[in-house]
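Chain A is the first sequence line, chain B the second, and so forth, proteins listed ahead of strands; every chain is numbered from 1.
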2 protein chains.
Amino acid sequence: MDGHRRLWCNAGMPAATDVDAAAAPAFSPLYRQIKALLTQALQAGDWKPGEVIPSEAELAQRFKVSQGTVRKAIDELATDNLLVRRQGRGTFVATHAETQVQYRFLRLVSDDGSADRLERRFLDCRRLRAQAEVARELGLRSGDAVVQIRRLLSLRERPVVLDELWLPGAAFKGLTAERLAQWRGPLYRLFESEFGVHMVRAEEKIRAVAADADAAALLGRAQGAPLLSVERVAYTYGDRPVELRRGLYDTTTHHYRNELS
Amino acid sequence: MDGHRRLWCNAGMPAATDVDAAAAPAFSPLYRQIKALLTQALQAGDWKPGEVIPSEAELAQRFKVSQGTVRKAIDELATDNLLVRRQGRGTFVATHAETQVQYRFLRLVSDDGSADRLERRFLDCRRLRAQAEVARELGLRSGDAVVQIRRLLSLRERPVVLDELWLPGAAFKGLTAERLAQWRGPLYRLFESEFGVHMVRAEEKIRAVAADADAAALLGRAQGAPLLSVERVAYTYGDRPVELRRGLYDTTTHHYRNELS
DNA sequence: AAGTGGTCTAGACCACCTG
DNA sequence: AGGTGGTCTAGACCACTTA
């Protein structure tokens, strides 16, 4: 129709400084503005994980753009794994509560390719004050309340992963050791259904480290044995960090699988 | 116009058996058929890495489809990193010979985020007969000729990566130690410009291992020190494996960075 | 100014799912 | 049968690059 209805929609963005002015995109195409609106709706919780969002036709009408433009916005959100399209059914908010792919972010696979059943065992769950480093990674201030969880994952009766993780205390109020003990399924499913926190993406730093006495005992390995250290920061809508996790993987019969392209 | 010009273009596919018939897609949309044609052209070397491919309009005319359909095919090839679009200039065949992003597949970054200059030192380059495992990973037969290379990467004067890699001898005929010694730049750039082998994607298996005497000496670490083992199989057009690589990373001041989504 | 990719639209029809 | 996403088309115009 008109070809450029540019709203310069930069809601939520900090004011541009001289420094980043150069890096800022000159303009946003319409479909990106629609994408931003949809993202806001997701962040605001207008549609919950697992639910259907309105049809493309309806959204087009609502935003007064063509269906193709809405479509392109949804396309990007789908490749970002925020939405899931299902032909003939509709478009759904991505969720960790699907029967498929239980552990979307766990890249550990067995060397022989077999799919093992995974067993969880929680070691402890405490509320404490965040140390400087934990606070920084979670976007909190030192001394803010955090929940610390430690747990062990086993494959074929053998402990393979020792996880230690920190969550912002404010967002995870009712999270207790009892609650964890009776929970069946991935943690991210619990976080999503009980605390309304959906993990969108994560960044990991991977290193090889020597097992300390504690890790060695829990994983049934010798002290000093090489372990894979996987430090993860997970983000929810709006790129807000909401989990810091440090995993120690025993990689004698399993490995961390990655695809490069 | 017609809406479905389905050619059932399954060139190169084995005949469907009863087993995989269920998994086989019922039909290919037109843009996927175009995508397949473009992929074949890339594989055949019709357009070399770094070169421009014909414009969307011309391809549309050539294939007798609308520009939008060509566009969607190119979109997918661009997200697969086979093509690179440059607004106003054209669409180019992806290459490792760009001044930007020298090491597209190297995920090792320094803990403090600084970008170190990288130094290469070749240890040796031999032609030998493939062992069973190497042959299997490269799609060769045991005893086929392979080239074995070992080299050391250093950051800030400190050796950090010990790589050992195998290439199919047939495709890398003139590859000698001298050739390597005088080469400046990433190996994949050499492979591409001198041997016409472009790496498209790779799979990595990551483990923590203890340094053996050899690796310890070369990396300046104690024997038994934990190292990151990164086993990579790299593929060229048509998903044909053309490189097996095993890297040992010293992760005391660096880490392997990964994004999950 | 000309050429390329990028955006937006409107409409037709297909494939898939659910009632 | 009706609704949803998926494909395809044709045309207009915008943004960017090069000459």
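No side-chain donor from either of B:His96 and B:Glu192 sits under 3.5 Å from a side-chain acceptor of the other. Using modelled atom types, one finds no donor on one side chain facing an acceptor on the other under 3.5 Å when comparing A:Tyr235 with A:Glu243. Looking only at atom types and distance, the side chain of B:Asp111 has a donor-acceptor partner in the side chain of B:His255 under 3.5 Å away.
Comment: B:Arg62 does not engage B:Asp46 in a salt bridge, judged by the lack of any side-chain N to carboxylate O separation of less than 4.0 angstrom.
In this entry the distance linking CD of A:Gln67 with C1' of C:dA12 reads 12 Å, nearest Å. In this structure, B:Leu30 places its CG atom 17 Å from P of C:dC13, rounding to the nearest Å. Taking atom CD1 of B:Ile34 as the reference point, atom C1' of D:dT9 lies 14 Å away to the nearest angstrom. Whole-Å rounding puts the A:Leu83 CG to D:dT4 C1' distance at 15 Å. Taking atom CZ of residue B:Arg71 and atom C1' of nucleotide D:dG6, one finds them 18 Å apart after rounding to whole Å. We find that CG of B:Asp75 is positioned 10 Å from C1' of C:dG5, with the value rounded to whole Å.
In this model, the phosphate group of C:dC8 is not approached by any side-chain N or O of A:Lys72 to a distance below 4.0 Å at OP1 or OP2.
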Review item, nucleotides 2-4 of chain C N/O atoms under 3.5 Å of protein N/O:
| residue | atom | partner | partner atom | Å |
| --- | --- | --- | --- | --- |
| C:dG3 | N2 | B:Gly88 | O | 2.9 |
| C:dT4 | O2 | B:Gly88 | N | 3.4 |

